[in-house]
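In what follows, every chain begins at residue 1, and chains take the letters A, B, ... in the order their sequences are listed.
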Amino acid sequence: MAMRQTPLTCSGHTRPVVDLAFSGITPYGYFLISACKDGKPMLRQGDTGDWIGTFLGHKGAVWGATLNKEATKAATAAADFTAKVWDAVTGDEVLTLAHKHIVKSVNFTQDSNCLLTGGNDKVLRIYDLGKPEAEPQEIAGHTSAIKKALWCNNDQQILSAADDKTIRLWDKNTKEAVKSLSFDASVSSMEYIPDGEVLVITYGRTIAFYKAHSLDLIKTVDAPASIHSASLHPDKDFFVAGGDDFKLYKYDYTTKEEMESYKGHFGPIHCVRFSPDGELYASGSEDGTLRLWQTAVGKTYGLWKCVLPEELSSENSEVLYCPPAEIKA
Amino acid sequence: MTFILEIKRSSGLRFRRVLNETPVSVLRLPRGPEPNSRGFDPTSPRFIALCPTTLPSSSSSSGSADEEEQRLRAELRERFLRTLLLMTGKRVRFDMHEHVRVHARFGASDIDVLNLQVCDLETPLGVQREALLRSQDVIACSFEV
């Protein structure tokens, strides 16, 4: 029996959701943080979307958010010229790192000891979280605002994407640019998959895959609309992308064929990420919501329940909620 | 079985998926934020496992340090509130951001001390009979007791 995807809508934000990130898998499951222009990043249980808490303290739009692997720390980048580090268990603010301009991106190293930041002042900064009062190491070179900065290659190198239409690979120790990629359009998003060293980049209508070490192109795929974000499944069999036309697209990574497209959001999609176990992916939109989508539609997982035909007509069905047919926008 | 025919932009016809698809059922919707709380439930298993020091401590020394801090905080809060009461009706000088310094007669503050209601606010543009000052713009207030 064919099943239709039921996205789970996570409400709570009052402005566009511009970034989201998953933690690794912890003994308590995995977690999801969302960055929002309302200045209040939220932590949610990753497999259900249940709200856990809101990190209060920023005085401007939050442009970037991340969690460490264990989901014990969170970091956020905001328009109030600060990056903040938070205790992701208590919700308390642990550190405020002042910058000279809007901060757009934050990323922890694998051991959570260092934080990489990048933003509109065009400089990458590396903070030692064990010595927060010490001045950060700075890496300059980009000629426009930095959109995204990520650790890669075992935290020995840094990948950065900026509005100068370049992506640069830096050596953390020498602070020199090792490699560089130039594009005709601004890069809208970047995702790094450590297992397999794959870099997923989006620009214009294109989703491109590169080898992270060498920045050699693996393949490109063109979508029907301008894409703002894409994410590759951990098993590298498919990837998802979303952008200006409000739809989520699912593609076969090997054949590059479009498998599915899903409507649901009421605004452009700004960010999309697979969960660490690959069972679902989350999208954040201009409409202020996050939606969770199943990778295997119809499978029992999280809040989704596989209901067999006999159960649907049975009076003893334990299913509490069956979504009505959606009126597509 | 029902079909819908949809004409593709490029060429040809494409059958849309059959309408007897069943939407996946869900147990419930994701829980949203609580209106009056920032969350991070201290009774959750993760909180209890990872933050043992926030539990009432068995060691008396750290317990009494917390109590002392709480007592001092309560005292400072009370002093602040009494100062606000004393300020009522008085002519107060407000030092604000961007080197702004104005005088006004203080009326009241709201419950969260986000706004200060003042009368006869002296500004370079003239005297405002009634005005609201945003607390986060105020650096200091001074007045004659």
Quiz prompt | Residue among A:T300, A:D87, A:I52, A:L292 with most heavy-atom pairs under 4.5 Å to chain B | solution = A:I52

Quiz item: Taking A:G302, A:G91, A:G49 one by one, which has the highest count of heavy-atom pairs under 4.5 Å against chain B?
Solution: A:G91

Self-check item: Crowding at NZ, B:K90 (>12 non-hydrogen neighbours, <6.0 Å)
Solution: yes

Quiz prompt | A:L56 versus chain B, the contacting section by heavy-atom distance below 4.5 Å | solution = side chain

Quiz prompt | Spacing of CG belonging to A:L290 relative to SG belonging to A:C271, to within rounding of 0.5 Å | solution = 7.0 Å

Self-check item: B:E34, part contacting chain A, at a heavy-atom distance under 4.5 Å
Solution: both

Quiz item: Does the ring centre of A:Y262 sit less than 6.0 Å away from the ring centre of A:F246?
Solution: no

Self-check item: Derivation and outcome, side chain to side chain donor-acceptor pair (under 3.5 Å), residues A:H270 and A:S285
Solution: CA-CA 5 Å; A:H270 291 306; A:S285 165; over 6 Å; no

Self-check item: Engaged part of A:F31 at the chain B interface, taking heavy atoms whose separation is under 4.5 Å
Solution: side chain

Quiz prompt | Closest-packed option against chain B by number of heavy-atom pairs under 4.5 Å, given A:T54, A:L43, A:T9, A:T48 | solution = A:T54

Quiz item: Under a 4.5 Å heavy-atom cutoff, which of A:V297, A:T26, A:L8 has the most pairs with chain B?
Solution: A:L8

Exercise. Please determine, among A:W304, A:F55, A:W51, the option with the most heavy-atom pairs under 4.5 Å with chain B.
Key: A:W51

Self-check item: Aromatic ring proximity, centroids under 6.0 angstrom, A:F238 and A:H233
Solution: yes

Exercise. Mind running salt bridge (charged side-chain N to carboxylate O under 4.0 Å, His left out) on B:R93 and B:E144 for me, showing each step along the way?
Key: CA-CA 10 Å; B:R93 187 186 87 195; B:E144 295 285 332; over 6 Å; no

Self-check item: Any B:R38 side-chain heavy atom under 4.5 Å of B:P33 side chain
Solution: no

Quiz item: Does any heavy atom of chain B fall under 4.5 Å from the side chain of A:Q294, the backbone, both, or neither of them?
Solution: side chain

